[in-house]
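Below: the structure, in structure tokens.
Numbers restart at 1 for each chain; the letters A, B, ... are given by sequence-line order, proteins then strands.
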Protein chains: 2
Amino acid sequence: MLTTAGKYAIRAVIYLAIHSSPQRKVGAKTIADDLEIPQAFLAQLLRTLTVDKVISSSKGPGGGFYLDEGDRKNTLWQAILSIDGEHRFQECFLGLSKCDDAHPCPVHHMVSPFKKEMLFNFQERTIAQLIDEVKENGTVVSLKMSPEKEVL
Amino acid sequence: MLTTAGKYAIRAVIYLAIHSSPQRKVGAKTIADDLEIPQAFLAQLLRTLTVDKVISSSKGPGGGFYLDEGDRKNTLWQAILSIDGEHRFQECFLGLSKCDDAHPCPVHHMVSPFKKEMLFNFQERTIAQLIDEVKENGTVVSLKMSPEKEVL
DNA sequence: TAATAAAATGATATTTTAATCATCTATGAA
DNA sequence: TTCATAGATGATTAAAATATCATTTTATTA
């Protein structure tokens, strides 16, 4: 569904939504350390996300990556598009090139509702809304991969 | 969610459910040609599926792969387990090692219900049931990857 | 304006997944 | 019992994804 790169990207964007602002930029190293993502690899992804206007960045001392108000109106879908592309997410569960309601693969009817709903969620909810929901739900949001040393 | 290998495997199992019986075995080459899957690669997968008792095989002239009545009581989940393993399918959408209802990742509540439902479908429906449903629905079932030259 | 911090860029390396190849073994039929 | 067929096995290669490295550019601040 998503590549490792895509998962990293989403986590990084959410991290920035929680931890950054135009006044509070965060370096790639800090994000990588906190999320336990390889630094150099994450840096590449952050660059791509920046080029695609999903996040913002500035160079030099005090610089780093951040989300401004405009960025917060983006959706996670835009992050997915930027890193993994549309096809990765949309493709048929069995990998068939032509699989839709009219020409369903054998598991299409089992999988399709799931994908439509998820796609809708990713495309319709802004980062800002997502963060609000996370806070309202009082859910413990760990962005780290290993369970031992949580940060959030 | 699934590797290419896992997708191939599911398609091959469904193919066998439609086209094979103990009296009508199908060679790896035939399956590979019909499904447009690399022969040698598919052969590896079929072997693994055979070892794991998901499908049956016999050597020699007139031999090939097939499903017997017992095999048809298997689920697609067993094919998935055989080729991709549990983790590939179950893992957190964002790749976190610890992500459950108690410690949800930021998109857990968006993704979880669907994964549960899909998992249930794959684990509870036998191959035989699945094929029946496909036939009842009257759906055009193509197992090929390219849209031009359909077989089923 | 010099020093430094941090992103940008591009190249390279590693690992995993996918695919191929050559050979061996078992089976059924002539 | 010999031959052809088809799966079994193991090794190897290729491609894609993941990860790393070295260098350059930009911006801040002392």
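- When all heavy atoms of A:L67 and A:V13 are compared, the closest pair comes out as CD1-O, 3.9 Å.
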Without placing hydrogens or testing angles, list every side-chain donor-acceptor pair under 3.5 Å for residues 21-31 of chain B, not counting sequence neighbours.
{"from": "B:S21", "atom 1": "OG", "to": "B:Q23", "atom 2": "N", "distance (Å)": "3.2"}
{"from": "B:S21", "atom 1": "OG", "to": "B:R24", "atom 2": "N", "distance (Å)": "3.1"}
{"from": "B:K25", "atom 1": "NZ", "to": "B:S58", "atom 2": "OG", "distance (Å)": "3.4"}
{"from": "B:K29", "atom 1": "NZ", "to": "B:D33", "atom 2": "OD2", "distance (Å)": "2.9"}

Dump the pairs, protein N or O against N or O of nucleotides 19-21 of chain D, anything under 3.5 Å, distances to one decimal.
{"from": "D:dA19", "atom 1": "OP2", "to": "A:Y8", "atom 2": "OH", "distance (Å)": "3.1"}
{"from": "D:dT20", "atom 1": "O4", "to": "A:Q44", "atom 2": "NE2", "distance (Å)": "2.7"}

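- Among the heavy atoms of the strands lying under 4.0 Å from B:A28 are primed sugar atoms or P, OP1, OP2 only; no base atom is included.
- Using a 4.0 Å heavy-atom criterion, one finds that B:V26 contacts the sugar-phosphate atoms exclusively.
- In summary, the side chains of A:H108 and A:D101 do present a donor paired with an acceptor at a separation below 3.5 Å, with no hydrogens or angles considered.
- To the nearest angstrom, C1' of D:dT18 lies 12 Å from CZ of A:R88.
- Under the 4.5 Å side-chain heavy-atom criterion for Ile, Leu, Val, Met, Phe, Trp and Tyr, B:M1 and B:L119 are members of the same hydrophobic cluster.
- A:F122 and B:V107 make their closest contact through CE2-CG1, 4.0 Å (heavy atoms, listed as atom of the first residue, atom of the second, distance).
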For A:I127 and A:I14, run side chain to side chain contact (heavy atoms under 4.5 Å, CB included): C-alpha distance rounded to whole Å, both residues' side-chain angles, the deciding distance at 0.1 Å, then the answer. CA-CA 7 Å; A:I127 308 285; A:I14 295 174; 5.9 Å; no
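- Between B:L46 atom CG and D:dT9 atom C1' the separation is 15 Å, expressed in whole Å.
- Residue-environment remark: CD (B:E69) stays at or below the threshold of 12 foreign heavy atoms within 6.0 Å.
- B:L16 places its CG atom 11 Å from the P atom of D:dG7, with the value rounded to the nearest Å.
- Residue B:I31 contributes atom CD1, which lies 12 Å from atom P of D:dA6 at whole-angstrom precision.
- Near-neighbour residues of DNA chain C inside residues 59-68 of chain A, defined by a heavy atom below 4.0 Å, number-ordered: A:K59, A:G60, A:P61, A:G63, A:G64, A:F65.
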Name the atoms and distances for all side-chain donor-acceptor pairs under 3.5 Å in residues 82-94 of chain B, with sequence neighbours left out.
{"from": "B:S82", "atom 1": "OG", "to": "B:D52", "atom 2": "OD2", "distance (Å)": "2.6"}
{"from": "B:D84", "atom 1": "OD1", "to": "B:T3", "atom 2": "OG1", "distance (Å)": "2.4"}
{"from": "B:D84", "atom 1": "OD2", "to": "B:T3", "atom 2": "N", "distance (Å)": "2.9"}
{"from": "B:D84", "atom 1": "OD2", "to": "B:T3", "atom 2": "OG1", "distance (Å)": "3.3"}
{"from": "B:E86", "atom 1": "OE2", "to": "B:Q90", "atom 2": "NE2", "distance (Å)": "3.3"}
{"from": "B:E91", "atom 1": "OE2", "to": "A:K7", "atom 2": "NZ", "distance (Å)": "3.3"}

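- Contacts between chain B and DNA chain C, taken as any atom within less than 4.0 angstrom of a protein heavy atom, begin and end at C:dT17 to C:dG28.
- Atom pair B:D52:CG and D:dA8:P shows a separation of 12 Å (rounding to whole Å applied).
- A:L45 places its CG atom 9 Å from the P atom of D:dT18, with the value rounded to the nearest Å.
- Annotation for A:L45 and A:A5: closest pair CD1-O, 3.6 Å, computed over non-hydrogen atoms.
- Checking the phosphate oxygens (OP1, OP2) of D:dT26, no side-chain nitrogen or oxygen of A:S58 falls inside 4.0 Å.
- Taking atom NZ of B:K25 as the reference point, atom P of D:dA8 lies 12 Å away to the nearest angstrom.
- For B:R125, the side-chain contact (heavy atoms from CB on, under 4.5 Å) criterion is met by A:H109, A:M110, B:N121, B:Q129, B:L130, B:E133, not counting sequence neighbours.
- Two different hydrophobic clusters hold A:Y66 and A:I10 under the rule that ILVMFWY side chains link at heavy-atom gaps under 4.5 Å.
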